[in-house]
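Everything numeric in this text was worked out from a predicted model, so none of it was measured. Every chain is numbered from 1, with letters handed out A, B, ... down the list of sequences.
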Number of protein chains: 2
Amino acid sequence: MTTKKQRIFAEAAQLFREKGYSAASMRDLAERVGLKPSSFYSHIKSKEEILQKICFDSAQKFTEGMERVEQSGGTSRQRVRALLGLHLRVALEDPTSVTVFNDEWRHLSEPALSRFVSLRKDYEHRFLRIIESGIEAGEFRAVHPQLALYTLLNALRWLHFDGKLSKQFSAESLREELEKILLHGLIVEKK
Amino acid sequence: MTTKKQRIFAEAAQLFREKGYSAASMRDLAERVGLKPSSFYSHIKSKEEILQKICFDSAQKFTEGMERVEQSGGTSRQRVRALLGLHLRVALEDPTSVTVFNDEWRHLSEPALSRFVSLRKDYEHRFLRIIESGIEAGEFRAVHPQLALYTLLNALRWLHFDGKLSKQFSAESLREELEKILLHGLIVEKK
DNA sequence: GTCTATAACTTGATAGAC
DNA sequence: GTCTATCAAGTTATAGAC
């Protein structure tokens, strides 16, 4: 059973994704939910409460995923592979929320903004350490670890264009393609 | 000599990048330029005119770059390498505008929006054909070309975080790192 | 070209009847 | 919990004095 509150959050995520948080009005949202604008202040406190929930729910998925990867044991290579899988899974599970999480978090106000940025930094830092370990162990090329991190994280951003592409592929085949490109590179090396 | 009009465009790009187009008000902009909000309607026609100029100026840089790459002759590998260089160059040349170009174009209204989307599609299509040729020629791994395209294009998005990183590296060393990661892959292959 | 003043409208949110 | 009515503030843009 989905409550009306859940309907509101789902429709809001969709709307924020389409128009951006600032350009999306509560009146737009009301129309989609089938309520008058004033009516959903019985369900939610403010427009920003919606943004906060979307952003922090997604953040939690990444944080929990990172937790599991760190505790799994395994080589850096296996860990990075697992993180690609994490990003893929979260993006396919709820592409709309992930888009908002990725693109609209900056419209959070304090103190939520600082809390969010801090979660994000923590996640990136842990991802970075895995890349660094891999380089030290000789599993990865000697790239600049932070450049590699940003390249990987952003390479995974198109996943939430929940358009034709993500429906055309199974999660498994998407993972294989991503691994080919990002981990083994586009170019066929001379043997 | 920089005209006041140029000042307005430059400050606007900065502001749109920081707050997003919708959340950035003409009052904010006026304050930065040192004018009353009404005054710069002597220089520009509307808020959207600014967005249009930023978006289409950047689009043109990519289109012209693609033109040069296509006419250069050379293998697909060399062409993709040149396109990495193009994205890098444009991003380093004017990181602020590129951010707006990347993230705020959706706030264009018709008919500019359709014109923009069409330019973008055209660019992506031409990039795609280069990837496809490379695969056919056996220069590139047999990846799904469109997935590779989106992965590459988005991998290059962090370049306009004109923060510490992009100042820490020369354009040339950035290019080398990107090539390592994207073209040769993170993983050290067994010989 | 810049200003003051303001038009015309949209914004998020609230009060209070039912 | 949903409505009508409305508020207070913010929005882009214009009119007209200087």
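- Counting to the nearest Å, the C1' atom of D/dT12 and the CD1 atom of B/I50 are 11 Å from each other.
- Between B/E179 and B/R175 there is a salt bridge, since a side-chain N of the basic residue sits under 4.0 Å from a carboxylate O of the acidic one.
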_With side-chain hydrogen bond (donor to acceptor under 3.5 Å, both in side chains) as the criterion, how do B/E110 and B/S114 come out once you've worked through the C-alpha distance, each side chain's angles and the decisive distance to 0.1 Å?_
CA-CA 6 Å; B/E110 298 293 358; B/S114 292; 2.7 Å; yes

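- Among the nucleotides D/dA13, C/dG12, D/dT11, the one closest to the side chain of B/S25 is D/dT11.
- Between A/H43 and A/R27, the residue whose closest nucleotide on DNA chain D is further toward the 5' end is A/H43.
- Protein atom CD1 of B/I44 is 10 Å distant from nucleotide atom P of D/dT14, rounded to whole Å.
- Closest to the A/Y41 side chain, of the nucleotides C/dT2, D/dT2, C/dG12, is C/dG12.
- A straight line from CG of B/L29 to P of D/dT11 spans 12 Å, rounded to a whole angstrom.
- Contact annotation: B/S39 does not reach the phosphate of C/dG1 (side-chain N/O to OP1 or OP2, under 4.0 Å).
- Between A/F16 and A/Y21, the angle of the ring planes goes over 60°, which puts this pair in the perpendicular group of the 30/60° scheme.
- With rounding to whole Å, A/F40 atom CZ is found 11 Å from D/dT2 atom P.
- One atom, NZ of A/K36, and another, P of D/dC3, lie 7 Å apart when rounded to the nearest Å.
- When each of A/S38 and A/D28 is assigned the nucleotide of DNA chain C with its nearest heavy atom, A/D28 is the one assigned upstream, toward the 5' end.
- Atoms CE (B/M26) and C1' (C/dC9) sit 16 Å apart, rounded to a whole Å.
- Between the side chains of B/T99 and B/T96, not a single donor N or O lies within less than 3.5 Å of an accepting N or O.
- Atoms CZ (A/R7) and C1' (D/dG1) sit 15 Å apart, rounded to a whole Å.
- Per the geometry, NZ belonging to A/K19 stands 15 Å off C1' belonging to C/dG12, to the nearest Å.
- An OP1 or OP2 oxygen of D/dT2 is reached within less than 4.0 angstrom by a side-chain nitrogen or oxygen of A/K4.
- Picking from D/dG1, C/dG12, D/dT12 the nucleotide with the shortest atom distance to the side chain of A/S42 gives D/dG1.
- Set against D/dA13, C/dT2, C/dT14, the side chain of B/L35 has C/dT2 as its closest nucleotide.
- Nucleic acid contact for A/A24: sugar-phosphate only, since backbone atoms but no base atoms lie under 4.0 Å from a heavy atom of the residue.
- For A/F101 and A/F56, the gap between ring centers reaches or exceeds 6.0 Å.
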